[in-house]
Amino acid sequence: LKAPLFAQDATVPVRLVDGTVVPLPFTARTSCLTLTERACKEAGVSNEGEWTLKEVWDTPGIPPGMWEQRLPPYKLVDAVLLGWERSVRERFGLVAAMPASSFQLHLARTSSLGPHARNKVEHRLGYLQALQDIRESRFREEEPQELADLCALAIAVELLQPSMSPPDVE
């Protein structure tokens with residue numbers, strides 16, 4: 001593997017919207033599409049075509065202005081980790097003393113137009129992602145009433161289906 005700083009055990013953690021972390025094995029030839037399919041299988045998601053991997057950089061200034069981006073399906077996971085390692089070495093030198101949360105892979109829904117029915121896991125993850133998008137101002141409502149409707153839906157879900165509630169944030 002080309003990125004020894006990040007790939008010492010040849011597994012990479014993938015974070016789901018609900019906070020669950022799934023460690024997935026990979027090789028030098030594993031693509032992001034393959035890793036997405038594995039993450040979906042581990043999470044119990046049946047429509048993997050509606051999901052993608054995002055890389056999240058939690059270290060400000062590496063590179064300037066970048067926070068998260070969707071990874072192309074053909075990109076190799078090893079190349080992603082190598083990019084992380086280059087950024088760390090440029091900023092910190094050869095010191096590997098950076099927070100473990102500086103770079104993460106997240107499984108995120110990109111589409112809900114698939115022809116297949118969704119299971120409860122997919123509904124829950126999609127709901128949690130929608131709440132997260134609202135909290136982080138990534139949701140743009142067309143009508144002022146939409147945001148109030150979504151807030152009412154969130155309250156109703158928490159009261160009627162506690163299993164779909166967001167995880168506790170510390």
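Being a predicted model, the structure only gives us computed values, none of them experimental. These numbers come from the heavy atoms of this one structure, side chains and all, not from hydrogens, waters or symmetry mates.
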| How far apart are the C-alpha atoms of E55 and Q69, what are their side-chain angles, what is the distance that settles it, and do they pass the side chain to side chain contact (heavy atoms under 4.5 Å, CB included) test? | CA-CA 6 Å; E55 66 175 328; Q69 77 174 8; 2.7 Å; yes

| message | Run L71 and T52 through side chain to side chain contact (heavy atoms under 4.5 Å, CB included) and show every step you take. | response | CA-CA 7 Å; L71 292 170; T52 190; 5.6 Å; no

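- Residue V22 is tested with T11, V12, L16 for a side chain to side chain contact (heavy atoms under 4.5 Å, CB included); the sole match is L16.
- Contact detail for P25 and L35: the closest heavy-atom pair is O-CD1, 4.0 Å.
- Between W57 and F103, the ring planes lie perpendicular to each other; the angle is over 60°, past the 30° to 60° tilted range.
- Partners of P73 according to the side-chain contact (heavy atoms from CB on, under 4.5 Å) rule, which considers only residues two or more places apart in sequence or in another chain, are L33.
- Annotation for A39 and V14: closest pair CB-CG1, 4.2 Å, computed over non-hydrogen atoms.
- Nearest heavy atoms, C32 versus V80: SG-CG2, 4.2 Å.
- The shortest side-chain heavy-atom distance between H106 and L53 does not fall under the 4.5 Å cut-off.
- Contact check for L107 versus V17: no side-chain heavy atoms found under the 4.5 Å cut-off.
- In plain terms, the two heavy atoms of A28 and L76 that are nearest each other are O-CD1, 3.7 Å.
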| request: Verify side chain to side chain contact (heavy atoms under 4.5 Å, CB included) between F26 and T34, making sure each step is shown before the conclusion. | output: CA-CA 9 Å; F26 72 99; T34 304; over 6 Å; no

| task | Decide side chain to side chain contact (heavy atoms under 4.5 Å, CB included) for T20 and R15; before the verdict, give the C-alpha distance in whole Å, the side-chain angles of both, and the deciding distance to 0.1 Å. | result | CA-CA 6 Å; T20 306; R15 183 174 295 278; over 6 Å; no

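- R38 meets the side chain to side chain donor-acceptor pair (under 3.5 Å) test with no other residue; sequence neighbours excluded.
- Among all heavy-atom pairs drawn from E48 and T36, the shortest one is O-CG2, 4.3 Å.
- The closest side-chain heavy-atom distance from W51 to E37 is not below 4.5 Å.
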